[in-house]
Amino acid sequence: MNVGEEGATGGMDELNDQMLIRRQKLEDWRDEGIDPYGHRYERTHVARDILNAFDELEGEIVSIAGRITAKRGHGKASFADLLDGSGTIQLFIRINTVGEELYTQYQRLDLGDVIGVVGSVFRTRQGEISVEIHEFSLLSKALRPLPEKWHGLKDVDLRYRMRYLDLIANPQVRDVFIARSRIIQGIREFLLKRGYLEVETPMLNVIPGGANARPFVTHHNALDMDLYMRIAPELYLKRLLVGGLEKVFEIGKNFRNEGISTKHNPEYTSVEVYEAYGDANTMMALTEELFAYLAELICGTTRVEFQGNIIDLAPPWPRLTMLDAIKQYAGVDLRGLDDQEAVRVAKERGMEMPAGAGKAQAINEFFDNFVEPNLTGPVFITEHPVEISPLAKRKADDPTVTERFEPFIVGWEMGNGFTELNDPIDQKERFQEQVEQRKAGDDEAHMMDEDYIIALEHGMPPAGGLGVGIDRLVMLLTDSPSIRDVLLFPHMRPRSE
RNA sequence: GAGCCAUUAGCUCAGUCGGUAGAGCACCGGACUUUUAAUCCGGGCGCCCGGGGUUCGAAUCCCCGAUGGCUCACCA
């Protein structure tokens with residue numbers, strides 16, 4: 001049995017009393033020659049139109065449609081609430097106006113039924129803008145009851161598995177997903193306006209690249225070969241830079257075969273942006289402007305409230321190198337230390353360092369443990385060690401670190417960007433190091449991508465690149481503490497037994 | 001993967017010391033022609049997450065499992 005057959009549902013083969021009664025009503029409609037699953041319905045207005053333009057519409061005949069979410073009967077007159085895509089409006093019906101037959105049919109309607117209504121706009125004694133029903137059509141008979149009207153649907157398991165009920169019962173949930181849509185639209189408009197070209201690259205990869213992550217494996221039957229779901233679009237997008245598409249971006253899903261948490265879902269949405277002849281600084285400026293633009297768009301201000309804290313996204317954001325950040329938050333200066341010394345200091349501070357670990361790993365550990373949680377931000381963390389940045393260009397005056405940056409806000413890494421490595425020989429060596437790490441058991445290390453090296457060998461212009469996790473951005477701008485709150489259908493284990 | 005917590009009616013939740021199941025909403029019957037968590041009268045809901053065990057007796061105690069949440073780990 002799966003959830004579609006239990007929980008809010010009560011089972012396919014076990015109909016509870018309410019479901020039996022609704023099925024009986026379905027037959028009653030059919031017996032009267034009425035198809036309880038109607039067809040197209042011409043609407044003149046949605047609920048919000050009527051509420052907004054009452055002065056012009058008072059006394060007018062309108063046609064609306066939606067789901068009945070409440071009924072308040074008074075004998076020979078009744079009220080109901082009708083929920084459509086724009087909101088809720090009250091319905092009113094009187095036996096004097098519609099006659100006994102239609103009134104009886106109205107009384108048979110259940111909460112959850114979808115109806116179309118033709119009626120007149122008026123305001124009740126209590127002052128509520130309403131539509132008095134002249135006639136109505138049953139458009140869809142609901143065979144299962146709605147969640148409770150006052151407390152809504154609270155069970156998080158049901159909210160995620162049966163998101164449609166969540167959307168009906170909890171209006172603020174709808175607002176989050178409307179905001180999500182506007183954010184993605186905002187990103188697209190922001191980039192298009194600046195001359196970036198939107199492209200699509202493969203999600204089925206022969207070699208997954210562009211990130212350190214375990215991929216999902218799938219299989220192509222006709223070719224009889226395994227393929228990987230992409231973990232990032234990066235290497236394809238940079239091939240486009242080689243091809244002369246100088247400013248490109250892609251919005252889409254990435255798939256990572258990793259743990260699930262309040263900040264991680266196996267499939268998530270990112271935007272990646274590349275600009276030829278730019279560098280990390282170009283992309284940091286772009287990031288600041290983009291985030292500030294989106295905050296204004298969604299929140300009306302760059303001062304965004306997240307879980308009680310105010311975060312000001314107005315540019316410019318401070319920049320802090322990884323080593324300076326560690327010095328500041330951990331009180332340890334790793335600058336000038338060699339591998340052995342750095343590892344020793346890390347161990348002294350209680351971090352586990354695997355055999356063969358060097359300064360780069362020590363820096364990474366210090367950063368994760370002491371720095372990251374403190375980065376309320378916004379702040380750009382820069383100059384990551386070259387070992388953990390295999391696609392980023394080395395800093396001109398220090399080849400041990402890269403021209404890389406990560407925007408941090410509320411302690412989360414919101415993205416990643418750098419001056420792109422366009423030296424094919426250096427890139428090949430970096431891949432080779434990754435392959436060694438893979439052999440040593442790191443299944444998140446990169447694979448060798450010869451085809452990508454060949455592309456670089458044709459000459460890729462110097463460029464800046466940026467990736468932003470859109471889900472986390474939506475969390476930030478909608479004050480949502482869990483990634484599941486911004487994914488319509490977050491990944492859930494199937495219900496067994 | 002580990003720890004903690006949760007799972008009882010369609011939904012939201014109570015359930016005492018282990019004595020065999022309750023409330024509100026929803027539903028059903030009745031009253032009510034401007035209510036809005038409508039109101040009033042009457043009614044019955046159930047695989048107490050699943051499986052074992054202890055016990056005369058288990059929603060309750062013990063063990064195993066499932067799903068979810070949080071924290072940590074993993075992970076950008």
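So that the names make sense, note that chain A is the first sequence line, chain B the second, and so on, each numbered from 1. All values derive from a computational prediction rather than experimental measurement.
Residue A/N16 places at least one side-chain N or O under 4.0 Å from the OP1 or OP2 atom of B/G10. For A/R484 and B/G69, the shortest distance from a side-chain N or O to OP1 or OP2 is below 4.0 Å. Checking the phosphate oxygens (OP1, OP2) of B/U34, no side-chain nitrogen or oxygen of A/R94 falls inside 4.0 Å. At the phosphate of B/A26, neither OP1 nor OP2 sits under 4.0 Å from any side-chain N or O atom of A/Q18. Regarding contacts with the backbone of B/G68, every side-chain N or O of A/K154 stays at 4.0 angstrom or more from both OP1 and OP2.
Between the base of B/U35 and the side chain of A/E128 there is no donor-acceptor pair shorter than 3.5 Å. With hydrogens and angles left out, the side chain of A/R72 and the base of B/U35 share a donor-acceptor pair within 3.5 Å. Counting atom types as modelled, A/H151 pairs no side-chain N or O with a base atom of B/C11 as donor and acceptor under 3.5 Å.
Contacts of A/T262 with the nucleic acid, taken as non-hydrogen atoms under 4.0 Å apart, involve only primed sugar atoms and P, OP1 or OP2. Across all strands shown, A/R22 has no heavy atoms under 4.0 Å from either base or sugar-phosphate atoms. If you check every strand for non-hydrogen atoms under 4.0 Å, A/N416 touches nothing. Looking at heavy-atom distances under 4.0 Å, A/R404 makes contact with a base. No contact: A/L146 has no heavy atom under 4.0 Å from any strand. Among the atoms of the strands shown, none is found under 4.0 Å from any heavy atom of A/A211. Within the 4.0 angstrom heavy-atom criterion, base atoms lie near A/E406. Across all strands, A/G152 comes closer than 4.0 Å only to sugar-phosphate atoms, never to a base (heavy-atom distances). Note on A/E258: only backbone sugar-phosphate atoms sit closer than 4.0 angstrom, heavy atoms only; bases stay farther off.
Within residues 363-378 of chain A, no residue is approached by RNA chain B to less than 4.0 Å at the level of any non-hydrogen atom.
You'll find the ring centres of A/Y274 and A/Y236 outside the 6.0 Å limit. Aromatic pair A/F405/A/F380: centroids less than 6.0 angstrom apart. For A/F92 and A/F79, the ring centers sit closer than 6.0 Å to each other.
Taking a 6.0 Å sphere around CD of A/E100, one finds it holds 12 or fewer heavy atoms contributed by other residues, nucleotides or ligands.
In the set B/C28, B/U34, B/A26, the nucleotide with an atom closest to the side chain of A/K149 is B/A26. Picking from B/C11, B/G68, B/C27 the nucleotide with the shortest atom distance to the side chain of A/I21 gives B/C27. When distances are taken from the side chain of A/L158 to each of B/C75, B/U36, B/C11, the shortest belongs to B/C11. Which of B/U34, B/C27, B/C11 sits closest to the side chain of A/F79 comes down to B/U34. Closest to the side chain of A/V156, from the set B/A37, B/G68, B/C75, is B/G68. Each of B/U33, B/A26, B/C75 was ranked by its minimum atom distance to the side chain of A/H74; first place goes to B/U33. Comparing B/U34, B/U36, B/U12 by their closest approach to the side chain of A/Q126 singles out B/U36. Side-chain proximity of A/D157 to B/G68, B/U33, B/C11: nearest is B/G68.
Using P as the reference atom, B/U54 and B/C62 are 15 Å apart when rounded to the nearest Å. Taking the C1' atom of each, B/C17 and B/G1 are spaced 39 Å apart, rounded to whole Å. With P as the reference atom, B/G29 and B/G15 are 34 Å apart, rounded to whole Å. Going from the P atom of B/G43 to that of B/G24 covers 12 Å, rounded to whole Å. Distance noted for atom P between B/A14 and B/A6: 11 Å (whole Å). Taking atom P on both B/G3 and B/G19, the two are 31 Å apart, rounded to the nearest angstrom. Between the C1' atoms of B/C13 and B/U39, the separation comes to 24 Å (whole Å). Here, B/C5 and B/A9 have their P atoms 22 Å apart, quoted to the whole Å.
Residue A/Q307 contributes atom CD, which lies 14 Å from atom C1' of B/C70 at whole-angstrom precision. Per the geometry, CG belonging to A/N265 stands 11 Å off P belonging to B/G69, to the nearest Å. Nucleotide B/A26 holds its C1' atom 15 Å from the CG atom of A/L20, rounded to whole Å. In this structure, A/I133 atom CD1 and B/U35 atom C1' are separated by 14 Å, rounded to whole Å. Atom CD1 of A/I388 and atom C1' of B/C75 are 14 Å apart (whole Å). To the nearest angstrom, C1' of B/C11 lies 13 Å from CG of A/D166. Distance A/K76 NZ to B/U39 P: 21 Å, rounded to the nearest Å.
A side-chain donor from one of A/E406 and A/H384 sits under 3.5 Å from a side-chain acceptor of the other. At a cut-off of 3.5 Å, with distance as the only test, no side-chain donor of A/S482 or A/D485 sits close to an acceptor on the other residue.
For residues 369-390 of chain A, the set of pairs meeting the salt bridge (charged side-chain N to carboxylate O under 4.0 Å, His left out) definition, not counting sequence neighbours, comprises A/E383-A/K395.
With a 3.5 Å ceiling on both atom-pair distances, the Watson-Crick or G-U wobble partner of B/C61 is B/G53. Under the Watson-Crick and G-U wobble criteria, each requiring two contacts below 3.5 Å, nucleotide B/G1 is paired to B/C72. Pair check for B/U33 finds none; no Watson-Crick or G-U wobble contact set falls under 3.5 Å. If you check B/G24 for Watson-Crick or wobble pairing at under 3.5 angstrom, you find it paired to B/C11.
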Audit row: A/F122, A/F54, ring pair (Phe, Tyr, Trp, His ring centres under 6.0 Å) steps and yes/no = CA-CA 8 Å; A/F122 77 110; A/F54 174 74; 8.6 Å; no
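Separating the CD atom in A/E32 from the CD atom in A/E27 is a distance of 12.0 Å, to the nearest 0.5 Å.
Projected onto RNA chain B by closest heavy-atom contact, A/F122 and A/P147 fall at different nucleotides, the more 5' of which corresponds to A/P147. The nearest heavy atom of RNA chain B to A/E148 and to A/K71 marks one nucleotide each, and the one closer to the 5' end goes with A/E148.
When each of A/K141, A/R144, A/K71 is paired with A/D110, the side chain to side chain donor-acceptor pair (under 3.5 Å) condition holds for A/K141 and for no other. Considering A/H491, A/K253, A/R472, A/R256 as possible partners of A/Y268, the one that fulfils the side chain to side chain donor-acceptor pair (under 3.5 Å) test is A/R256.
Taking A/V410 as the reference, A/F306, A/I311, A/W412, A/L476 meet the side chain to side chain contact (heavy atoms under 4.5 Å, CB included) condition, with sequence neighbours excluded.
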